[in-house]
Each structure stands twice: as structure tokens, then as C-alpha cells.
Amino acid sequence: MTRNDVPQAAEFPEGQLEDWRKLVDGVLKGAPFEKLVGKTYDGLRIEPLYQRAKDAAPVVGRPPATPWQIMQRVDHPDAALANAQALTDLESGATGLALVFAAGSGAHGFGLEPSADAVAKVLKDIQLNAGIAIELQVGPQSRMAAIHIAEYVKTRGIDPAACDIRFGLDPLAACAVWGHSPYTWCEIKPGVTSGIKGLAELGFKGPFASADGRVIHDAGGSEVQELAFVLACNVAYLRAIEEAGVPLEQAQGMVYARLAADADQFLTMAKFRALRLLWARIEQACSLTPKPLFIAADTAWRMLTQRDPYVNMLRATMATFAAGLAGANAITVLPHTLALGLPDPFARRVARNTQLLLLEESNLAKVSDPAAGSGGVEALTSELCDAVWALFQETEKAGGAFAALQQGLFQDQVAVTRKAREANIARRRDVLTGASEFPNLHEADAKVLEATPIVLAPYGAEKFKFASLSPMRLAASFEQLRDKSDAKLKAGGARPKVFLANLGTPADFTARATFAKSFFEAGGIEALDGEGVADAAKLAEAFKASGAELACLCSSDKVYAGKAEAAANALRTAKARAVYLAGRPTDAEAGLRAAGITGFVFASCDALAVLDEAYQRINVNEPHS
């Protein structure tokens, strides 16, 4: 503020979008403005600039200034050790426990035994009526865990109404992941609703049934597909509960949702906000007074990497930040080593403290829906709502969530998105730091716990089959190449190598040599940096001395024009199994290939295809999948 409390900005004219466009057009120099517009995997536009949204009201989520529940994942197969972990978590700042049972949603290979004895051991000395949130992640094979927990509460003389337990019943998610069901939806509903009614009659507040969007997200799906699946599943559960004789007003509070939060801050925020608006629209259509839907968040499985797993801490921080600001009621941070195995105490502490720092140090919960009025977030939220509603209506026309799965409606759309996502990963347009970009071939192994997973008997016959929504991790393809490199190192004492054949001065080759090093080492091929030379014969001698199997020419286009063909000939004569050139193909491509250039490496080329072919040339024969 300045004199007389007049804002300094008042002395300047208000900026206009048209003025900005004129400046941008001058920089583009005739190129289309669309070059600046991004697209989500749903085709939603990401504009380069947004104006402030007018008359935007906050999206009602958590009560004002109320922190989200800090959930800690409990999944150790040994119930006694799981209990010790849980007690440590609660003593160290966690306000809730996500009990992940074997074969349950999001188990990822581990999980608790769903027996009464194991439940009692896991919950020993945990005061369930002391404000601790409990969330169950179960599947059909572990569904009895919900009954065992209810029985445990009863035998301990605890008032069920004093417990904050989300029971997580979600057979539709299991069907989607498995790709089959032993029963029809009409046969599934009575079991689910009888369980819900029984738990409610015992005095538990719920919610009881969850709609799990992680199924879509883990399989590589988009935000629109994830939200539409959640809506369809929650509507299916709501209808089933009402059909079982429960008043709709009571059934309204018996369902909740779980979404994946990933490192795309603005899309994650828009996704969580959109779900609240969409569910309120469904409540209104049911003649219900809208109530804020309970939304639990898990940081995304698919974004976890096995290589350089410490970068997962940054990804989880951004995901937690976005979900927290968007009003998630509870957040579970997947430990950064989960893709490698069962996380150790350090990984669990980091996952817990990620939330504590954001809440206690950054005070993220103090402001309700801080994105309200942000032009970009409001636009994304609105566009998501429109697109999700259209897909949800399509699902309803198909007969609901189960029928849509039988018809492959979700699976077909997710498959298209997953294929596009994998193509962008392969071309490194979607960057995975530490995996597809900036790899570290000399990183130390991260520690995980040794544990034997619990294997449960299959659930029913595969009577009704359809396409499955199997989980994936974005970095898996690059990690498979790194595994080949590790195997070669273990077997022969050395990794496969590429010699960076630098032509000219450092000013000529440094940029492309740096790019080529990251490119090849993302696939586990160690890059050996050569000194800059101008003579092809000396370059060949340096290659022979390096012991590398492959070579990559690195220099400027100007140097390539005069020296690349001779250098390529010399390197092939020196028995290089392949000679690559760092740079895009030009009009000289035919001559370069005739001189011995095998391929070109450049930004947005298919890195996985190039690296896979390189392994074939150096006789690492395991096929890339």
C-alpha cells in the first residue's frame, strides 16, 4: 500500500489479454498460437495464460482449517511387526492407519493376513475410540477382515459409534483388476448390502463402500476415466443399498471415494475438486441435500520408480500438496521404496513426515480451497466435469459400472490412453527423472525389508470374463533395460558401453555429448566421454582404447557437415558394432547412413526402440518387453 492506502498497481493501466496476445504473436513470428496450447490425455486444453475466474465459489470439502487425516500404510505380512510399525506411526504423528490386506486393492504384493487372530495382533494397544482413523483396503479374498475388525471392537467393549472406520468394501474394483467375476452384479449386491447393513446395525458410522479410482489410474487411465469410474461405482453401491431397504438419506453417508494423486499438481487439484462438484450433482438428481463426499487419496503407484527411488519423495510431496489443497479428507503417501519391496522404517518415516511438514510447517490446511478463482484450475475443473459427466452417462446407458466392465467400455478407453502414455514415455516427452532422464548408473541400492508375502486362495471360478485393468508403472520399460545392464555387470564385471566420439571443440560437442550420455545411460549403457578431436583416425584409436562396443558421434551440425562421414567410416572400421549420431536426421541422412551411421538420437526420438536395438547389437539377447 502507498500513501492514502491506494494500491501501487492503481497507477498502472489494467493489463488486457489482447495486449498480451500481440506481444506473443511478435515472439512467435508467424508460428501458430496453438504451439503454446497443451493437451491432457483426455484432450482438454491447457492454455498458456488464464484470466482470473469471476464469481468463483470455493468447492466445499473439509471443514475450514481442518487438517486432512495423515494415514500411514500398514501392510507387513507379520501381524506382530505390523502392530509395532502402526504404534510407531501413531506415536510419530500419523492420525490414521490404512490397513492393507493381502490381495486387497493396492496391496502391490504384500498385505496383512485377513484372519481374526492377525487382526487382533495388528490392533493390539491401538485405542480405536481415541480419534484414530482406520481405513481398510480389502478385496473379495480378504473381505472377512471387515467382520473380524467389527468383532474385535465388540469383544473389547468399545462403542462402535466412537470409532472412525472406513470399511472399504469394493467388489467392483476387484472385478475390474481381475478381469473376471464368479458372480453377476445381481448376485454380488446382496452380500455387499447385507454386510453394510450388519455393520450399521452394530453402530458403526461408516462409510462402508468405497469407489476406488486407483484402479483406472494404476492401469494408465486418464482423469476423466478415473472420475467416471468412481461415479459409476458409487452410484451402483448407492442404488444397491437403497434397494436393500436403507433410506437414501442414510445410504448417502455409507459411500466414499478414493482417488490417486500424482505429481501433476494442477490436474490433481482439478480432479479432486471436480469429483465433489459431480457428486453433488448426483445427490441433487437423487433429491438429496448435497453433503461433502469423503475423499481419500493415495499417492500414485504408477509414478513410482525403482531406479533413483529418492526422486519418489519429490513426486509424493507434490501429489500430497495438490490433494491437500484440493480438499482431500485423508491422504496415504506410498513410501518411496514400495516399488522395490516392503519399505523399511526410514521410508515409512519419510512418507509420514511428508504430510506432517506440509500441514505443520506450511499450514496447507488453513485455507479452504485456495484454488478457487484461479483461472487455470477453475477452467480445468469445469472441463473435467463436462467430460466426466458425458462418460458417466455413457456408463449408465450401458447398464451401470458392472455392465460397462463386461462390455469393455472402461477397458477400451484406458487401453488407448495407456498406449499413448507409453509412447510418450518411450520418446521421453513425459519425463521420469532418474529413470528416463538424468540416470545414475552408480546409485546405491535402497534398503527394503525381507518378508514373505501372504498368498490367499483364489476367489471363486472365473465365470464371467472381460478385459482386466492391470496396474502398471511408467518407468518399467526403462527399468527392464537397466536390469539387463545390471545382469551384464554381474556376469562379466562391466556394463555395456558407448563411446562418445566428440568431434571438434567443447563448444561444438558439449551440449550433444551431455544429451547422449543421459540418453544411453537411461538404458543402462555406460557412456564414456572422449576428448574432442578433429582427425577421424585419432577418433578411431580413442574408440579402440575405450573398450566400448558402441559409438555415438557428438558435435554441431556445422562440424558434422565436414567430418561426420569420415568419422563414421573410421569407427566402423574400428569394429564399432553400431555408430549413432547425436542430432536429428537432415538432408545428409542417406550419405551418413552409407558411411556407417546406424541411427540418430535426438529429443523425442523413440529412445526405447533405439536402446533395445543397441542391446541386440551388443549380444544381450533377452528380448525387451
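In this structure, the side chains of W68 and L364 come closer than 4.5 Å at one or more pairs of heavy atoms. Counting heavy atoms from C-beta on, the side chains of I149 and F204 never come closer than 4.5 Å. Proximity of R473 to E479: side-chain heavy atoms (C-beta onward) are separated by under 4.5 Å at one or more points.
Note on ring orientation: taking the six-membered ring where Trp is involved, the planes of W389 and F392 are tilted (angle from 30° to 60°). Between Y459 and Y183, the ring-plane angle classifies as perpendicular under the 30° and 60° cut-offs. Below 30°, between 30° and 60°, or above 60°: for F208 and F167 the angle between ring planes is below 30°, a parallel geometry.
Remark: of the listed residues I454, L456, V122, L112, L112 is the sole one forming a side-chain contact (heavy atoms from CB on, under 4.5 Å) with F101.
Side chain of T95 to main chain of I70: a donor-acceptor pair is present (N/O by atom type, distance under 3.5 Å, no hydrogens or angles). Within the 3.5 Å criterion, the main-chain N or O of R348 finds a donor-acceptor partner in the side chain of Q72.
D262 has a carboxylate O that lies under 4.0 Å from a charged side-chain N of R302, or vice versa, which qualifies the two as a salt bridge.
S477 and E422 are not linked by any side-chain donor-acceptor pair at a separation below 3.5 angstrom, with hydrogens and angles left out of the test. With hydrogens and angles left out, the side-chain atoms of W178 and E462 include no donor and acceptor closer than 3.5 Å. Judged purely by distance below 3.5 Å, without hydrogens or angles, the side chains of N424 and R421 never pair a donor atom with an acceptor atom.
Between the CG atom in L227 and the CG atom in L278 there is a gap of 6.5 Å [rounded to 0.5 Å]. Interatomic distance, I188 CD1 to F402 CZ, rounded to the nearest 0.5 Å: 4.5 Å.
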